[in-house]
Amino acid sequence: MTPANLADTVLSAARAVFETRGLDASALPASTAVERPRNPEHGDYASTIALQVGKKAGVAPRELAAALAEELGRRPGIKSVEIAGPGFLNIRLDAAATGGLARDIVLAGSAYGRTERFAGERINLEFVSANPTGPVHIGGVRWAAVGDALSRLLRTAGAEVGTEYYFNDAGSQIDRFARSLLAAAKGEPAPEDGYGGAYIAEIAAEVVKGAPDVLSQSDEAAQETFRQVGVELMFAEIKASLADFGVHFDTYFNEKDLHDRGELQEALDRLREQGHIFESEGATWLRTTEFGDDKDRVLRKSDGDWTYFAADCAYYLDKRKRGFDRVVIMLGADHHGYIGRMKAMSACFGDDPDKNLEILIGQLVNLVRDGEPVRMSKRAGTVVTLEDFVEALGVDATRYALARYSSDSPIDIDIDLWTKAGNENPVYYVQYVAARTASVARNAADLGLTRGDAADFKPDLLTHEKENALLKSLNEYPDVIARSAELREPHHVARYLEKVSGDYHRFYGECRVTPLGDEKITDLHRARLWLNDATRTVIANGLSLLGVSAPERM
RNA sequence: GCGCUCGUAGCUCAGCGGAUAGAGCAACGGACUUCUAAUCCGUCGGUCGCAGGUUCGAAUCCUGCCGGGCGCGCCA
């Protein structure tokens with residue numbers, strides 16, 4: 001029995017009680033949940049439903065709880081129900097009902113944890129979105145890890161997800177990039193407003209290698225070559241470093257296409273139809289203040305040029321036209337000022353900004369060595385890059401470290417901590433369970449111990465306190481995923497895996513899986529092997545959501 | 001000034017309106033002739049920033065204040 005099943009059972013028992021007592025069933029919630037009490041004396045699971053609906057239904061919570069306890073106690077799989085405090089229901093399950101899940105988990109394999117929670121929802125996730133003027137830097141790194149994990153989470157929870165990287169290779173930033181390349185190729189110092197760092201010289205050298213006569217051209221023509229080829233090289237490098245990091249995007253979207261296809265004008269027309277456009281001081285404005293923004297925003301400047309915000313509008317409209325119900329954009333904390341205008345823009349299109357547009361803000365990340373933030377990259381000069389992270393920690397530790405914390409909190413990633421081989425390093429702690437379960441399974445196979453047929457599995461043998469705790473944790477996995485996906489917070493998955501890891505290590509310490517010496521193989525050994533393998537399944541599935549490997553050996 | 005965000009153990013952080021607020025680190029003390037000790041167990045450690053409010057019940061929701069971070073352009 002899963003927690004979700006139990007919750008349904010509680011609700012149906014409540015309905016039965018309401019019916020026999022002639023109570024108003026509208027006081028009951030559409031769905032309920034059971035929680036796992038901290039204190040083991042409070043049972044395997046607890047329900048607060050009597051507390052929640054007692055008053056509404058006009059019955060004292062304890063009285064309602066008593067009736068519910070009686071009804072619930074008759075349901076299959078439930079060993080006992082006690083009433084505690086003001087009306088808590090403390091529920092204990094039959095060992096077989098809990099233990100049976102170990103088999104279900106093993107048989108489901110990599111599909112364990114999948115739900116249909118978000119079935120039918122089309123969600124667009126945009127993250128990283130750095131322009132190709134340099135390597136992916138620290139601001140994008142957090143979202144590369146978190147955004148990618150979120151996309152995997154949402155897919156596992158049943159959503160149809162499109163990941164997207166938005167860039168602009170035509171703006172003034174790119175001009176500065178091109179001028180910087182040209183200067184580097186000519187051995188001149190970087191322009192005052194240009195880009196520094198060794199990568200500029202490297203890219204410039206690459207360009208010259210591919211087009212040896214470039215420096216004999218006029219500065220104007222040369223700069224154009226550097227712009228085109230340089231952007232191509234830079235973008236290839238960005239994609240390669242993201243790929244090395246395990247991150248792939250379904251769509252790389254160039255702002256230029258919005259211009260070429262006239263989508264900015266289309267967005268403007270659409271907004272005008274909705275009645276939110278006005279002209280002032282020669283410019284064209286969107287009245288975003290109508291929907292709570294601080295000030296109205298210019299879409300088209302008095303010189304006729306489009307603003308960046310106009311492209312944002314067109315891009316949003318483009319995503320919506322492609323059928324995405326939810327447009328999710330992940331930005332760094334320095335961009336949180338955009339939320340107001342973006343939400344208002346969505347409303348101006350006639351959308352519901354609470355539903356159709358989500359903007360997630362990620363706080364700052366520091367890479368820390370010896371207690372001091374690492375500020376500079378060897379290659380990029382002014383900032384720390386994705387490669388710096390991976391070089392310092394490796395892919396697994398980097399992804400785990402970034403996905404482990406709420407994006408709302410600024411974090412320091414300590415190089416010493418995340419490269420340690422010990423339980424103070426969370427990624428090792430969790431991966432060690434993957435290795436340990438694999439090792440136990442190998443040893444079992446060597447001794448001729450196999451799980452046997454699913455039909456012969458005896459879940460009621462798993463009665464040890466540590467077995468019970470581990471089973472309950474494993475059973476929470478689908479709920480953790482669904483909740484994590486709903487909140488857009490992958491860090492819950494990491495925290496959950498750490499909890500499962502602790503439960504497994506404690507189980508391992510007290511419950512021997514493989515037979516000792518010439519001990520005979522028993523049903524208990526086999527039952528524990530099911531539990532061992534179920535643990536490996538959950539750890540492997542969870543780590544894969546975070547893009548982290550589940551090694552067989554360490 | 002306005003807006004967003006954070007404030008929980010010495011440190012780094014979890015915490016779904018529920019019961020005695022948790023984990024890791026640090027400190028101290030234990031556990032390997034047996035499945036990986038990269039592990040486990042125990043001890044120590046709290047005005048959940050402050051003050052009100054809502055609630056049967058608040059770290060959690062609301063309001064105000066204090067403190068830290070960030071943002072407030074016809075820039076990109």
Side-chain angles (χ1 to χ4, degrees), chain A residues 33 35 37-39 41-42 46-48 51-52 54-55 60-61 84-88 90 131 133 168 171-174 176 255 280-285 292-295 297-303 305-309 311 332-341 359 361 363-364 404-414 417 420-426 428-429 431-433 435-444 446-447 449 479-480 483 486-487 491-492 494-496 498-499 501-502 504-517 519 525 528-529 532 553-554:
Chain A
E35 59 190 72
R38 273 187 268 280
N39 187 339
E41 284 172 22
H42 294 153
S47 168
T48 59
L51 291 166
Q52 285 162 23
K55 199 178 182 184
F88 290 103
N90 293 337
N131 282 344
T133 54
N168 176 3
S172 65
Q173 287 182 64
I174 296 289
R176 301 213 306 261
E255 181 187 331
S280 174
E281 301 164 56
T284 304
W285 299 66
D293 192 15
D294 303 342
K295 57 183 77 169
R297 306 290 170 176
V298 171
L299 292 180
R300 189 173 226 168
K301 300 186 241 179
S302 50
D303 64 6
D305 284 350
W306 295 101
T307 60
Y308 184 83
F309 181 60
D334 53 337
H335 285 74
H336 79 249
Y338 292 166
I339 296 175
R341 77 194 68 167
I359 298 177
I361 296 298
Q363 299 296 321
L364 207 77
R404 181 177 189 259
Y405 302 94
S406 161
S407 300
D408 290 338
S409 323
I411 47 171
D412 291 336
I413 303 297
D414 186 289
L417 173 67
K420 262 185 198 155
N423 67 355
E424 60 267 66
N425 179 349
Y428 274 85
Y429 185 74
Q431 285 185 313
Y432 184 55
V433 172
R436 214 173 209 190
T437 51
S439 167
V440 167
R442 279 193 302 271
N443 293 333
D446 289 348
L447 293 167
L449 168 62
D479 287 341
V480 169
R483 179 165 165 266
E486 189 167 350
L487 296 173
H491 74 273
H492 296 294
R495 300 297 176 150
Y496 165 79
E498 288 165 30
K499 183 173 183 305
S501 297
Y504 179 79
H505 286 309
R506 283 183 284 274
F507 156 76
Y508 177 92
E510 293 193 32
C511 302
R512 179 88 199 179
V513 176
T514 58
L516 261 176
E519 206 183 335
H525 292 127
R528 284 179 172 166
L529 186 57
N532 178 77
R553 287 189 166 80
M554 283 172 77

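Note on naming: letters A, B, ... go to the chains in the order of the sequence lines (proteins, then strands), and numbering restarts at 1 for each one.
Between A/Met554 and A/Tyr428 the shortest side-chain heavy-atom distance falls below 4.5 Å. Inter-residue side-chain proximity for A/Glu424 and A/Leu417 is flagged as met; some heavy-atom pair is nearer than 4.5 Å. In this structure the side chain of A/Thr284 never reaches within 4.5 angstrom of the side chain of A/Trp306, judged on heavy atoms.
Distance, A/Leu51 CG to B/rC56 P: 12 Å, rounded to whole Å. Atom CG of A/Asp408 is separated from atom P of B/rU8 by 15 Å (rounded to the nearest Å). Rounded to whole Å, atom P of B/rU5 lies 10 Å from atom CD of A/Gln363. Residue A/Gln52 contributes atom CD, which lies 9 Å from atom P of B/rG18 at whole-angstrom precision. Atom CZ of A/Arg404 and atom P of B/rA14 are 8 Å apart (whole Å). Between A/Asp293 atom CG and B/rG71 atom C1' the separation is 13 Å, expressed in whole Å. At whole-Å resolution of the value, CZ in A/Phe88 and P in B/rG57 are 13 Å apart. Distance A/Ile413 CD1 to B/rC13 C1': 11 Å, rounded to the nearest Å.
Comparing the P positions of B/rU8 and B/rU47 gives a spacing of 11 Å, expressed to the nearest Å. Separation of the C1' atoms belonging to B/rG10 and B/rG46 is 12 Å when rounded to the nearest angstrom. Taking atom C1' in both B/rA19 and B/rC62, one finds a spacing of 25 Å when rounded to whole Å. Separating the P atom of B/rG67 from that of B/rA59 is a span of 24 Å, rounded to the nearest Å. B/rG53 and B/rA26 have their P atoms separated by 43 Å, with the value rounded to a whole Å. Across the P atoms, B/rA21 and B/rA9 are found 14 Å apart, a figure rounded to whole Å. Spacing of C1' atoms, B/rU5 relative to B/rU43, comes out at 38 Å, to the nearest Å. Spacing between B/rG15 and B/rU20 at atom C1', rounded to whole Å, works out to 16 Å.
Backbone-only engagement by A/Lys295 is indicated by non-hydrogen atom pairs under 4.0 Å involving sugar-phosphate atoms exclusively. Residue A/Ala435 is in base contact, counting any heavy-atom pair closer than 4.0 Å across all strands shown. Within 4.0 Å of A/Tyr405, counting heavy atoms only, lie sugar-phosphate atoms of the nucleic acid but no base atom. Using a 4.0 Å heavy-atom criterion, one finds that A/Thr48 contacts the bases of the nucleic acid, with or without backbone contacts as well. Counting non-hydrogen atoms under 4.0 angstrom, A/Glu510 reaches nothing in the nucleic acid. At the heavy-atom level, A/Ala84 lies under 4.0 Å from base atoms of the strands shown. A/Arg506 comes within contact range of the sugar-phosphate backbone alone, with a heavy-atom separation under 4.0 Å but no base atom that close.
Taking side-chain N and O atoms only, A/Ser409 has a distance below 4.0 Å to OP1 or OP2 of B/rA14. When the side-chain nitrogen and oxygen atoms of A/His335 are compared with OP1 and OP2 of B/rC4, none of them lie within a distance under 4.0 Å. Side-chain N/O atoms of A/Tyr429 include one lying less than 4.0 angstrom from OP1 or OP2 on B/rC40. For B/rU39, the OP1/OP2 oxygens have a side-chain nitrogen or oxygen of A/Asn423 closer than 4.0 Å.
Between A/Trp285 and A/Gly85, it is A/Gly85 whose nearest contact on RNA chain B lies nearer the 5' terminus. Annotation: of the two residues near RNA chain B, A/Ala333 and A/Ala46, the 5′-most nearest-nucleotide partner is A/Ala46.
For the atom pair CZ of A/Arg483 and NE2 of A/His492, the computed distance is 4.5 Å after rounding to the nearest 0.5 Å. Here CG of A/Asn532 is found 12.5 Å from NE2 of A/His525. Values are rounded to the nearest 0.5 Å. Between the NZ atom in A/Lys301 and the CD atom in A/Glu281 there is a gap of 15.0 Å [rounded to 0.5 Å].
Taking 3.5 Å as the limit, the base of B/rA19 and the side chain of A/Asn90 contain a donor-acceptor pair of atoms between them. The base of B/rC70 sits within donor-acceptor range of the side chain of A/His336, with an N or O pair under 3.5 Å. Taking only distance into account, the side chain of A/Ser302 meets the base of B/rC74 through a donor-acceptor pair shorter than 3.5 Å.
No side-chain donor-acceptor contact under 3.5 Å links A/Asn168 and A/Tyr308.
Pairs of Watson-Crick or G-U wobble type, with distances under 3.5 Å, assemble into runs of 3 or more in RNA chain B at these ranges: B:1-7 with B:66-72, B:10-13 with B:22-25, B:27-31 with B:39-43, B:49-53 with B:61-65.
With its ring centre under 5.5 Å from that of the base six-membered ring and a plane angle below 30°, A/His42 counts as stacked on B/rA19.
Judged purely by atom type and a 3.5 angstrom limit, A/His505 has no side-chain atom pairing as donor or acceptor with the backbone of A/Gly502. Although no hydrogens or angles enter the test, the distance criterion places no donor-acceptor pair under 3.5 Å between the side chain of A/Asn90 and the main chain of A/Ala46. One N or O on the side chain of A/Thr437 and one on the backbone of A/Val433 form a donor-acceptor pair closer than 3.5 Å.
Under 4.0 Å is where a charged nitrogen must lie from a carboxylate oxygen, and between A/Asp293 and A/Arg297 at least one such pair does.
Set against B/rC75, B/rC72, B/rG18, the side chain of A/Asp294 has B/rC72 as its closest nucleotide. Comparing B/rA14, B/rC70, B/rC72 against the side chain of A/Arg495 picks out B/rA14 as the nearest. Set against B/rC35, B/rC74, B/rU34, the side chain of A/Leu516 has B/rU34 as its closest nucleotide. Of all nucleotides listed (B/rC74, B/rU39, B/rC13), B/rC13 comes nearest to the side chain of A/Ile411. When distances run from any side-chain atom of A/Val513 to the nucleotides B/rU34, B/rC74, B/rC35, the shortest one goes to B/rC35.
Look at B/rC25: its glycosidic torsion is beyond 90° from 0, and that puts it in the anti range.
Closest approach of A/Val513 and A/Leu449 over heavy atoms only: O-CD2, 3.8 Å.
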Give every pair of a protein N or O atom and an N or O atom of nucleotides 28-33 of chain B that lie under 3.5 Å apart, one pair per line with the distance.
none

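A/Arg528 forms no cation-pi arrangement with A/Phe507, by the criterion of a distance under 6.0 Å to the ring centre and an angle within 45° of the ring axis.
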